[in-house]
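Take a look at the structure set out below.
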2 protein chains.
Amino acid sequence: MTASINDVARAAGVSASTVSRALRGRPGVSDEVRSQIAAVAAQLGYTASRSASSLASGRTYTIGVLVPYVGRWFFGTVLDAAEKVFSAAGYDVLLYNLGSAETRKRFFTRLPVRKRVDAVLSLLIPDDAESAALRSLGVPLATTVGGTRPGFTVVGIDDRAGTESAVRHLVNLGHRRIGMISGASGPLHWTTPIERRNAYLDVLADAGIEHDPALEADGDYTVEGGERAMTELLAASRPPTAVFAQSDEMAMGALRALRRHRLKVPEDVSVVGFDDHELADVVGLTTVAQPVAEQGAEAARLLLRQLDDPDAAPPAGQVQMPIRLVLRETTAPPRPRGPQ
Amino acid sequence: MTASINDVARAAGVSASTVSRALRGRPGVSDEVRSQIAAVAAQLGYTASRSASSLASGRTYTIGVLVPYVGRWFFGTVLDAAEKVFSAAGYDVLLYNLGSAETRKRFFTRLPVRKRVDAVLSLLIPDDAESAALRSLGVPLATTVGGTRPGFTVVGIDDRAGTESAVRHLVNLGHRRIGMISGASGPLHWTTPIERRNAYLDVLADAGIEHDPALEADGDYTVEGGERAMTELLAASRPPTAVFAQSDEMAMGALRALRRHRLKVPEDVSVVGFDDHELADVVGLTTVAQPVAEQGAEAARLLLRQLDDPDAAPPAGQVQMPIRLVLRETTAPPRPRGPQ
DNA sequence: CGCTGTTGCGCAAGCGTTTGCGTTCATATT
DNA sequence: AATATGAACGCAAACGCTTGCGCAACAGCG
């Protein structure tokens, strides 16, 4: 059907090995022969079969990317950027959408990437067993989320600092009843919600504000969850005058809930998010911005570097990307309403 | 390093062929031997090498998915749903992010999916040369966007009907100066913008409204583009009292522009979008909803069906998914301001 | 002019599966 | 009892590449 390396060899009057070497830029082929082979290959529309070459060489030139939810803005954006870096370097990407516990489990027990990828970029946090499974692949590993793990290159942000800047902003505006909409760490072994929560508590303590558990709600990192969580918070005996949401999506859900309750933002309640979602600007959301696409690109680059030079040690610790608080229109001083 | 089929065969005291047949559920193996092999394989942590098996069998059990922009909500959502269907059926997905003309060109000339996939799902519209290239792969093809093409099974929506319901809604509210923010069809050979534009023109004509070219602007299907386009429209000598945006993202950009111009929505200008973006509800956007994830899932299912039964003809024409106008808070009758 | 290096290329052995065909052996058929 | 019929399994040939090694041919060296 499609041309094989032998067809090219025959047509060019050389051996298959020479064709292989010529096309891949390996030494041992004269320039003359090389260009002639290139011409013949082009004319025949020849491309080496990936299965055959990876079987023979052990190199697959493909990267496995593990994502919890492709459809979510954050992950889609990271994936987008990472894919561009990989494909520019000649790598293909195998995508695994591991949102549900079920698919996730199946992935890690069957490990379909075995012998199929040269590296894996995980956008989800593997637990200990899962990390071990990944390490058993014997390929470079990277992640853009969660804390450092042995064997993984991680590029991320300073969750504490980001959260602190957000909550401190609220404190500085004069808020005392500051709620938080978080995502449960749940079975995902995700350290992010925990880090952010700790930072939130620290800022409150620092400001001499007593922590009120009724001011925390779980928003599941989704818009709907954020809406539910905000609704919960509003039902408290003394609702918050400001809310810090651990993601913009949850913040937007909160905005929706507030609108449904006919509460004005920021007059009645201030809201600050996290991420600087593409649409945060549209709704005027104050948020802490992180370079999402850049994180994906950087993680991809670090992976490629390790592939180019297998002895190179993976970067130690965590590569930190800058964050910054973006002030927009959902935060303001609390409305004065009589004595505290 | 990792166990091969021969290791399993040796450990089980059978030949490699028997192992292969046993593990893949092929006939010719007694139940007794089969289960014993399964046990040995599990104990050794054996998984067949994909490269080797696809080299030998010609089947790759992977699907190529072509996406223009993974990070955009629409495509991310389609991809998410499609991936779930594929992986549930035991297929892996190879992702190609073909947003720029450059990567796109490289993809179609080098055709890296050759001999690597059993089918391809294209979320972008290939031009004639590109379709021919894809057809030359000799595998089932599907797409979720654009018109019907020979050799492709396409699942989509009725763009005309969707647009008509949106624009008619504006007409029925009493609007006469109705603008449109579209996406240029450009080099993407995308029929969607054209279909929608035609429907827009038809509704206007039907309502006896003269078409004003100054009321059309290109929003590039992005938020920023939508904002620019809206700004353009507002600069017209007689700006529109209502705008139909061909996507929610552009509609949201328009909303932002309006806010910047201190114009109230829907009092000063009505806005209706297209897609029912996940966040459309947050901003209260009236829009025509289409089942985005379902389209991806359905396309994936149709592809799998063709793979199961290679002789089955691909579904003729286009599979149409339902659409529906979702009324929210960005549309209202035009503000009466003196004689027309 | 012999010797050592170097360069350019072909040979052939893998890489880990799948699969058509052949063999063996037990069972059914006449 | 002899023969046909399957079922269960092994053999070995692909599948299409890569790569270590061998072998010419040729250049440079003293």
Side-chain angles (χ1 to χ4, degrees), chain A residues 1-38 40-41 44-62 90 111-118 137-138, chain B residues 1-38 40-41 44-62 90 110-118 138:
Chain A
M1 184 77 215
T2 63
S4 85
I5 198 173
N6 287 307
D7 299 329
V8 178
R10 213 169 306 130
V14 295
S15 75
S17 11
T18 302
V19 173
S20 173
R21 282 187 269 255
L23 261 23
R24 291 178 311 130
R26 288 287 136 105
V29 183
S30 67
D31 290 351
E32 185 185 13
V33 171
R34 191 185 297 273
S35 61
Q36 201 237 332
I37 289 177
V40 172
L44 262 52
Y46 169 76
T47 312
S49 150
R50 276 301 231 290
S51 340
S53 77
S54 69
L55 177 58
S57 69
R59 293 272 283 174
T60 65
Y61 283 97
T62 106
L111 226 45
V113 288
R114 187 144 64 89
K115 284 268 165 200
R116 271 206 100 181
V117 299
D118 291 343
L137 295 172
Chain B
M1 183 76 216
T2 63
S4 87
I5 197 173
N6 287 307
D7 300 328
V8 178
R10 212 169 306 129
V14 296
S15 74
S17 11
T18 301
V19 174
S20 173
R21 281 187 271 256
L23 261 22
R24 290 178 312 131
R26 288 287 137 102
V29 183
S30 67
D31 290 350
E32 185 186 13
V33 171
R34 190 186 299 270
S35 60
Q36 201 237 333
I37 289 176
V40 172
L44 263 52
Y46 169 76
T47 312
S49 150
R50 274 304 229 292
S51 340
S53 80
S54 69
L55 177 57
S57 69
R59 294 273 282 174
T60 65
Y61 283 96
T62 107
R110 313 199 12 180
L111 226 44
V113 288
R114 186 133 57 92
K115 283 267 166 201
R116 270 206 100 179
V117 299
D118 291 342

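So that the names make sense, note that chain A is the first sequence line, chain B the second, and so on, each numbered from 1.
Remark: side-chain polar atoms of A/Thr60 are not paired, donor with acceptor, to backbone N or O of A/Ser54 under 3.5 angstrom. No side-chain donor-acceptor contact under 3.5 Å links B/Arg116 to the backbone of A/Arg50. The backbone N or O of B/Ala16 lies less than 3.5 Å from no partner atom in the side chain of B/Ser20, so there is not a single donor-acceptor pair. With hydrogens and angles ignored, the 3.5 Å screen pairs no side-chain donor or acceptor of B/Thr62 with any backbone N or O of B/Val117.
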> How would nucleotides 15-22 of chain C be written as a contact map, 5' to 3', with B for base contact, S for sugar-phosphate-only contact and - for no contact, using protein heavy atoms under 4.0 Å?
Replying inline: BBBBBB--
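Between A/Val29 and A/Ala22, the shortest heavy-atom distance links the atoms CG2-N, 3.9 Å. Contact between A/Arg114 and A/Leu137 at its shortest, heavy atoms only, is CA-CD2, 3.8 Å.
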> Going through the checks in order, is the side-chain contact (heavy atoms from CB on, under 4.5 Å) test met by A/Leu111 and B/Thr47?
Replying inline: CA-CA 8 Å; A/Leu111 226 45; B/Thr47 312; 5.6 Å; no
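The distance between atom CD1 of A/Ile37 and atom P of C/dG8, rounded to the nearest whole Å, is 13 Å. For the pair B/Gln36 CD and D/dC9 P, the interatomic distance rounds to 10 Å; values are reported in whole Å. Going from atom CZ of A/Arg34 over to atom P of C/dG8 covers 9 Å, rounded to whole Å.
Taken from CD1 in B/Ile37 to CD1 in B/Ile5, the straight-line distance is 9.0 Å, to the nearest 0.5 Å. Taking CD from B/Gln36 and OG from B/Ser30, the interatomic distance works out to 9.5 Å, rounded to the nearest 0.5 Å.
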Give every pair of a protein N or O atom and an N or O atom of nucleotides 5-7 of chain D that lie under 3.5 Å apart, one pair per line with the distance.
none

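Remark on the helix from C/dC1-D/dG30 to C/dT30-D/dA1: inter-end axis angle 40°, axes from five-pair C1' superpositions, rounded to 10°.
The environment of CZ in B/Arg59 is crowded: more than 12 heavy-atom neighbours from other residues, nucleotides or ligands sit within 6.0 Å.
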